[in-house]
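We use all heavy atoms of the structure for the numbers below, so side chains are in, but hydrogens, waters and symmetry mates are not.
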Amino acid sequence: MRNFKIQSKGLVSEEFLKINISDFHCACKYISELPYKRNSDKNDIKIIFKDFGGACSTKHATLRKLALENDQPNIKLILGIFKMDAEYTVKIKNTLSKFALHYIPEAHNYLKIEDKYYDFTRSNCDYVQFKNKLLIEKEIEYDEITSDKILFHKNFLEKWIFDENIPFTPEEIWNIREQCIEDLQKDDLEEIRNFSPVCFQGSAEMHDEFKQ
């Protein structure tokens, strides 16, 4: 995918321009380097700038809104449910073991750009890390990451519990899932020092697929 310049055409675009980020590639890099954390208000499209961090939903919703503001509708926001296990992240190994679960179906947001998928949750995230663990996915909009996403996720969990004869209620599974999310946030809420919001397009750290 080719890059595009950010125009002052909306709330998200203006936030990026305020911190001297002027193109989509740099916006993606900035988003991926922000700390992973739950946000104080997921309904606020500018919340990652206020909280200086975000989760997969708010980070990718921000990028989707940025794309729409700059007439780039081909950058899609995807909601996928995948098998979150200890292979995906060792941080949840103890919690899964405690409840004798091999995995928990977890909802995850990422982008589809033309025919490729991208995950900007963290700087080291890659779609291939969970591609083979996907159970279902669908396209959503940036303002559907709250109640719509939760309802879709909970409905999926209820069906999974029934189909797989999981010995927990939906409420119990949701609580176990919450503990896994807390496990994921450990070490990620520490303040990132020496982080600059200014991104240089020629940076060697940028992924090859984002170079023009």
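Exactly one residue among N94, T89, V90 makes a side-chain contact (heavy atoms from CB on, under 4.5 Å) with I92. That residue is T89.
Listed for the E69 side chain is a donor-acceptor partner under 3.5 Å among the backbone atoms of S13. Between the N132 side chain and the V128 main chain, no donor and acceptor come within less than 3.5 Å of each other. A donor-acceptor pair under 3.5 Å is absent between the side-chain atoms of N74 and the main chain of E114, judged by distance alone. Looking only at distances, a side-chain donor or acceptor of D23 sits under 3.5 Å from a matching main-chain atom of C26.
Counting heavy atoms from C-beta outward, K9 and D71 have side chains that approach closer than 4.5 Å. Residues F24 and I75 form a side-chain contact, since some pair of their non-hydrogen atoms from C-beta on lies under 4.5 Å apart. Between D148 and L79, every side-chain heavy-atom pair lies at or beyond the 4.5 Å cut-off. Counting heavy atoms from C-beta on, the side chains of I47 and K42 never come closer than 4.5 Å. Side-chain contact between F168 and L101: present, with at least one pair of heavy atoms (C-beta onward) separated by less than 4.5 Å. Side-chain contact between D119 and H60 is present, with at least one heavy-atom pair separated by less than 4.5 Å. In this structure the side chain of R64 reaches within 4.5 angstrom of the side chain of L68, judged on heavy atoms. Contact annotation: the side chain of E15 never approaches that of T62 to less than 4.5 Å [non-hydrogen atoms, C-beta and beyond].
In E87, the CD atom is not crowded: 12 or fewer heavy atoms of neighbouring residues, nucleotides or ligands sit closer than 6.0 Å. By the neighbour-count criterion of 12 heavy atoms within 6.0 Å, atom NZ of K131 is sparsely surrounded, having that number or fewer from other residues, nucleotides or ligands. At most 12 non-hydrogen atoms from other residues, nucleotides or ligands lie less than 6.0 angstrom from NZ of K112. With a 6.0 Å radius and a threshold of 12 heavy atoms from other residues, nucleotides or ligands, K83 has its NZ atom at or below the threshold.
D183 and Q179 share a donor-acceptor pair across their side chains, judged by distance under 3.5 Å alone.
Hydrophobic clustering of Ile, Leu, Val, Met, Phe, Trp and Tyr side chains at less than 4.5 Å, counting indirect connections, keeps F156 apart from L151. Grouping the Ile, Leu, Val, Met, Phe, Trp and Tyr side chains by contacts below 4.5 angstrom, directly or via other members, places I150 with L157.
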Note to self: Apply side chain to side chain contact (heavy atoms under 4.5 Å, CB included) to residues H102 and D85 and explain how you reach the verdict.
What the structure shows: CA-CA 6 Å; H102 296 297; D85 55 19; over 6 Å; no
Next item on the list: Quick one: do Y36 and R122 satisfy side chain to side chain contact (heavy atoms under 4.5 Å, CB included)? Show the steps, please.
Entry: CA-CA 7 Å; Y36 178 85; R122 295 183 177 87; 3.4 Å; yes
Notebook entry, point to check: Could you walk me through whether W160 and L135 pass the side chain to side chain contact (heavy atoms under 4.5 Å, CB included) check?
Noted result: CA-CA 10 Å; W160 172 71; L135 299 168; 5.6 Å; no
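Summarising the geometry of Y30 relative to I19, their closest heavy-atom pair is CZ-CD1, 3.6 Å, with the distance given to 0.1 Å. In plain terms, the two heavy atoms of L17 and S22 that are nearest each other are CD2-CA, 4.1 Å. L96 and C180 get closest at one heavy-atom pair: CD2-SG, 4.3 Å. A86 approaches K93 most closely through the heavy-atom pair CB-CB, 3.9 Å. Here the closest heavy-atom approach between residue I176 and residue I104 is recorded as CG2-CD1, 3.4 Å.
A centroid separation of less than 6.0 Å is found between the aromatic rings of F16 and F49. Between Y127 and F130, the distance from one ring center to the other falls under 6.0 angstrom.
The residues D51 and K37 are annotated as not salt-bridged, no charged nitrogen and carboxylate oxygen being separated by less than 4.0 angstrom. A salt bridge between K133 and E106 is absent, with no side-chain N of the basic residue lying under 4.0 Å from a carboxylate O of the acidic one.
Annotation: ring pair (Phe, Tyr, Trp, His ring centres under 6.0 Å) contacts involving residues 135-155, sequence neighbours excluded, comprise H153-W174.
The line from CD of E182 to CZ of R177 is 11.0 Å long, rounded to the nearest 0.5 Å.
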